[in-house]
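Worksheet: one structure, shown below.
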Amino acid sequence: MPLANAFLTRDQFATEFFYELRAACCRRCMLVQIVDQPPRDKMFHDRYPFFSSSSERMQIHFAKLARAVIDHHSAGGDPLVVEVGSNDGTLLEHVALAGIRHVGVEPSASVAAVAAARGITTWRRFFDESVAADIVDRHGQADVVVATNALSHVGDLHSVVSAIDRLLSAKGVVVIEDPYWAQVLSRTAFDQIYDEHASYFALTSIQRLFEPHGFVVFDVDPVDVHGGSMRYSICRAGTRTPSPRVPALADQELTIGAFDASALAAFSRRVDAIGANLIELLQKRRRGGTRIVGYGATSKSTTTINYFGITPDLVEWICDTTPAKHGTFSPGAHIPVRPHDEFSRPYPDYALLFLWNHAEEVRAKEQAFAQAGGRWITYVPGVDET
Ligand code: TMP
């Protein structure tokens with residue numbers, strides 16, 4: 001499998017990096033993880049092309065999360081909010097506007113530069129104990145540590161939790177938000193599985209990760225982003241009263257068998273069935289001479305395209321709004337990526353919706369495509385044509 005975000009130019013084809021993509025569940029900590037994780041500096045570097053602000057829905061989500069952080073956890077004194085994996089500053093911008101002290105820690109220069117240009121204090125480093133110690137030296141301990149869609153990107157999880165332990169004040173709160181394994185499983189959202197997502201968390205695995213460090217999860221909230229995520233609110237043991245939602249969710253995870261070998265095997269069979277159905281549909285439509293364009297050069301699409309064997313014969317090109325991806329080719333299959341403006345010039349007959357997690361936003365934006373007779377092909381939780 002190539003790296004999900006390694007969109008490349010023709011001269012890079014010969015040196016493209018591939019690795020073995022396999023996920024497994026640990027029987028002791030119930031954590032689902034990628035077995036052979038690629039080196040992190042191959043994934044998060046100066047040209048990292050994912051910008052949090054690229055979706056309006058995500059902008060609204062971050063505005064709401066910032067409000068919750070400010071209202072519930074930043075009261076009194078002169079609080080400090082630290083975001084781990086702060087990307088282009090979409091969340092911290094709201095914190096900064098509220099006049100709250102903040103530090104974003106972000107290793108990828110491309111996105112960190114955008115945050116810095118927005119006036120967000122951004123440290124361009126991988127978050128670890130030495131960064132935590134430097135923040136404490138410079139600004140004191142943090143009242144809130146936020147990490148959205150970031151912990152799942154980390155290979156050495158215990159080092160990050162140790163760093164959080166070093167950084168967080170005695171009564172501080174950690175807010176973690178990541179794609180939720182039980183949702184990935186129940187929706188057969190197999191394309192969430194790619195190199196950058198080293199871990200697929202559930203409450204049980206978050207508890208087993210944080211508890212040995214003296215933390216407890218005191219609340220959980222499902223959030224409808226990234227195809228189904230969970231927000232975990234975590235504090236030092238004994239500093240807050242846990243919500244009854246926490247044991248209820250832990251029970252539910254066991255009841256649905258979210259970590260059972262049989263559930264994982266059934267998931268794998270469903271994925272293969274989706275692949276066979278999707279390829280059959282694409283081939284059938286292409287035989288009829290129709291044009292199929294991919295919609296959204298997403299990281300997830302790299303798994304779908306390469307695991308199922310989708311080629312440029314089936315999907316002509318992929319439209320995308322991120323300028324850094326324009327004129328590149330998709331990882332592995334080398335399907336051209338072109339600006340979104342070209343989607344309507346002229347509209348294709350079919351659009352394969354790689355951005356299925358933004359389906360509502362996309363359909364609302366692309367009503368003219370449907371009115372022109374265009375049809376959407378989707379494949380999570382199953383293959384569909386509308
Ligand atoms: P991701 O799934 O890896 O986060 O990538 C999302 C990509 O989709 C990103 O390059 C921006 C692009 N995009 C569109 O092209 N149109 C849209 O409406 C949205 C929301 C995203």
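- For residues 164-186, the pairs satisfying ring pair (Phe, Tyr, Trp, His ring centres under 6.0 Å) are W181-F267, with sequence neighbours left out.
- By the side chain to side chain contact (heavy atoms under 4.5 Å, CB included) test, A98 pairs with I70, I100, sequence neighbours left out.
- Among residues at least two apart or in separate chains, salt bridge (charged side-chain N to carboxylate O under 4.0 Å, His left out) pairs with a member in residues 330-344 are R338-E342.
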Result block: side-chain N/O donor-acceptor pairs under 3.5 angstrom for residues 167-175, not counting sequence neighbours:
from, atom 1, to, atom 2, distance (Å)
S169, OG, A142, O, 3.3
S169, OG, G172, N, 3.3

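- Every salt bridge (charged side-chain N to carboxylate O under 4.0 Å, His left out) that R236 has, sequence neighbours left out, goes to D165.
- By the salt bridge (charged side-chain N to carboxylate O under 4.0 Å, His left out) test, R22 is found to be paired with D36, residues two or more places apart in sequence or in another chain being considered.
- Residues satisfying the side chain to side chain contact (heavy atoms under 4.5 Å, CB included) test with F18, not counting sequence neighbours, are P2, E16.
- Partners of F190 under the ring-ring contact (aromatic ring centres under 6.0 Å, His included) rule, at least two apart in sequence or in another chain, are F308.
- Checked against a 6.0 Å centroid threshold, the rings of H213 and F210 do not count as neighbours.
- Residues meeting the salt bridge (charged side-chain N to carboxylate O under 4.0 Å, His left out) test with D78, sequence neighbours left out: R101.
- A163 pairs by the side chain to side chain contact (heavy atoms under 4.5 Å, CB included) definition with F127, E129, A132, not counting sequence neighbours.
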Distance-only donor-acceptor pairs under 3.5 Å for side chains of residues 371-378, two or more places apart:
from, atom 1, to, atom 2, distance (Å)
R375, NH1, E385, OE1, 3.3

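- The ring pair (Phe, Tyr, Trp, His ring centres under 6.0 Å) contacts involving residues 237-259 comprise nothing, where partners must be two or more places apart or lie in separate chains.
- Less than 6.0 angstrom separates the ring centroid of F343 from the ring centroid of F369.
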